[in-house]
Each structure stands twice: as structure tokens, then as C-alpha cells.
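Notes to accompany the following structure.
Ligands are counted one by one from 1 in listed order, and the atoms in each one are counted from 1 as well. Just so it is clear, the model here is predicted, and its values are computed rather than measured.
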Amino acid sequence: MTLNVSALRAAFPALAQEVHGRPLAYLDNAATTQRPRAVVEAIARFYEHDNANVHRGVHALAARATDAYEAARAKLAAWIGARSPREIVFVRGTTEAINLVAATWGRKHIASGDEILLTEMEHHANIVPWRMLADAVGARIVVAPIRADGALDLDAFRARLSARTKLVAITHVSNALGTINPVEEITALAKQKGAHVLIDGAQALAHLRPDVAAIGCDFYAMSAHKAFGPFGIGALWAREEILAAMPPYQGGGEMIRTVSFEKVEFAEHPHRFEAGTPNVAGAIGWAAALDWMAKLDFQAVHAHEQALLEAASEALGAIPGLVIHGTAKAKAPIVSFTVKGVHAHDLGTILDQHGVAVRAGHHCAMPLMQRLGVPATARASFACYNTHEEVEALAEGVRAAMRMFALEA
Ligand code: PMP
């Protein structure tokens, strides 16, 4: 089945606009996707009809809000193959999910001399919390390298696993290279050494159907806004027995059973990790995004995205002086590139003048930029609603930038 891209686009009001007099080509989906109208409407409906705080009220609106919030939890659990909604902790996003694991499970289980194994392609969200933890407890960060094509060097990864490895924390899909990591294989290797595994799923949700049971990992971190949902909501999935034994994160309302000035008894998971009023509207909007995604044929999405990736790689690859960073075989539709003689930020600004929205910078992956030997790249990242015309606009914009810099294009 082929994807009806124009019907898909019609669901996204933000896509139908001009920027600087040109049709918008929104190619910054790895930073955040656009949201379908159904998500915006679900949020508006909640605020207009059901708005109330959750878990505390006895009145009708509070009951409706609580039901919708908990239904969103169940929907996400089912979407990623969790055994129970109790394995889903709502947080602000991937960053908070990883910080939660570092601050609770990490503080309890990682000690002086232990090792945390990361890779060269990690986002700062999957580096900084571990660096902070390692500094606090005296643990060591070990880094598995990538190959020249941007794929993880699996042999080197295997060689860096040891009896001291307590945790492997790795991205499912690299935001800066597009590389899709073989997370099942990586998890199996880590488990052979008795290590726990955290997967940073920020970039995976819009393109893959991650199944935490099939992966076999212990933690999976997500952000709704990277997969057609609202800002300010994400989730940590963790195996129930791990969550049940994890000490609390932040303290406050919602996460307690009883409180006195002398002693606090904490609530059970997942509520033990959700102190304070949660992002109720965000969870409801996320559920609407999952409903919208459930109508997609993911095989057709994959085929379309791979065709866009191939077309973009070919069109950009044909430009003299342009280097694509990340050409691994298993790739999400993300193309990071540099052009000799043009700074990535200039490329981004000139592309914007052509209505083409890309990201330029270090993509919160400074160690990776260092490994690639560049200060920054320009990055075009596609979603299922992008078109081949937009690929052409991207390539034309890059050629125009090169002409401005008097470079052959
Ligand atoms: N990991 C990866 C691979 C990402 O691409 C991002 C977002 N750029 C994050 C983590 C952090 O996600 P968030 O900002 O939504 O917390």
C-alpha cells in the first residue's frame, strides 16, 4: 500500500503555509514534528469540557480528567508493548525520563568503579545525566565508537562490555546521523554481562513501532513532541519489577500514601514518580497522537520515508563539496551534511529564505561533532508527511547557498 501523502498533509494545518513567499518545506522533524489537527482539538476539547485536576477530586470533571489521563497511560503502554500501564511514568520528555533513571535507579545501583557504557552518537540528554551520576558516585563512563559510516562498531561495543558494566545507555535512532541501532542485539549482549539497558527512544517513535518486550531492555525514554504529540509530555517505560524497587524521584503531592512531619510513606509506581500536578492535557493530546498514528500503515510510512531518504541522499550527494555524515545501512530519514566553504548556520539561514526549514548546529551531540571533525552540520529530517518536491526544494536551496558563496554547484 502506498501512503496518501496529500491526505496526511491535510491533517496538519501548520504545513499549509508560505515562508518568505515560498511554500514551507518543514524538514526539522527530528527537533519536533508538527501536530495533526486531532491533537490540537483533543487538547482544546479537554480544556473546554473536562478541565480539572486529576486523582484528587470527587466531582464529575475530576473523574473525567482522571479517566482520560489514565487512559492515555494505558494507550501508550499498549503502543510500545508494555505489560501494564503501571510500567509507564509520565514525565516532561526524554530528558527527564533519563534524569529520573540516573537519579533514582542509578544512585541506588551504580557505585564507585562501576561502568556506564554509552556510544559516540549519544545526544547530550543521554550523556550529561550519566556524567553527573558518575562524578557523584565515582563511576566510569565508557564510550563505544562508531564506524566511518556512522553505524555503531558492534565489535568495539562488545569489547567494552565487562563485568563492571552496570548500565548500557544507547539511542535507538541517532538524531544527528539517522543511524538506527540494533537495540535487540545490543540488549542481548549487555544482558550476557548482567548489565541493565536504557534506550533513548526520542527519535524512534515517529518512524518505528518500538516494542519494549521484543527489545528486552529495562528502560525506554520517549518524548511526545517528536511523534506528533504535544510539547511538555513524555514517558519513561521501565520493567515493573524495576520500577517497584526504585526509590522516589521528586517529592510532593500525588506521590505519597501518608505524610507526617516525621515520616512519609510513598505511593506505588507509577504515581510514586509523578510528584505534583501532571500535564493532563499533554497526556490527552498524546493519546490523540497515538490514535492518529494507529491509522497509519507503518509499512507504507517506512517505504515512503526510505524513498525520501534515498532521494535526499542522492540529490545532496550529487552536489560537489557536500559531505553527508552518516550513511549507515539502517537509517531513519535524517540527512546531516556539511558543505566545504559554507558554515552550517549560513546554509540554514539561506535555506530558510527558500522556505526550507532545517536545523543547523551541533544537534546536542558535541562529542559526535568532535568525532566527525566538524563544529556543526545542517540537518534535514523528514516525517511521513514530507514530499519529493520538498527534497527538491532542499537541494535547490543548497545549490543557491553555494552560488551565493561563489562555489561551484
Ligand atoms: N535524545 C535524542 C536522540 C534526541 O533527539 C532528543 C531531542 N533532540 C532528546 C534525547 C531529548 O528530548 P527532549 O528534548 O524531548 O527531552
Residues in side-chain hydrogen bond (donor to acceptor under 3.5 Å, both in side chains) contact with Lys193, at least two apart in sequence or another chain: none

Sub-3.5 Å pairs, protein N or O with ligand 1 N or O:
from, atom 1, to, atom 2, distance (Å)
ligand 1, 1 (N), Asp200, OD1, 3.2
ligand 1, 1 (N), Asp200, OD2, 2.5
ligand 1, 5 (O), Gln203, NE2, 2.7
ligand 1, 8 (N), His123, NE2, 3.2
ligand 1, 8 (N), Lys226, NZ, 2.7
ligand 1, 15 (O), Ser223, OG, 2.6
ligand 1, 15 (O), His225, NE2, 2.8
ligand 1, 16 (O), Thr94, N, 3.4
ligand 1, 16 (O), Thr95, N, 2.9
ligand 1, 16 (O), Thr95, OG1, 2.6

Residue list, ring-ring contact (aromatic ring centres under 6.0 Å, His included) with His304, at least two apart or on another chain: none

Ionic contact status for Arg86 with Glu268, cut-off 4.0 Å: yes

Whether Phe90 and Tyr69 hold their rings parallel, tilted or perpendicular, with breakpoints at 30° and 60°: tilted

Partners passing ring-ring contact (aromatic ring centres under 6.0 Å, His included) against His363 (at least two apart in sequence or in another chain): none

Ring geometry between His225 and Phe231 (parallel below 30°, tilted from 30 to 60°, perpendicular above 60°): tilted

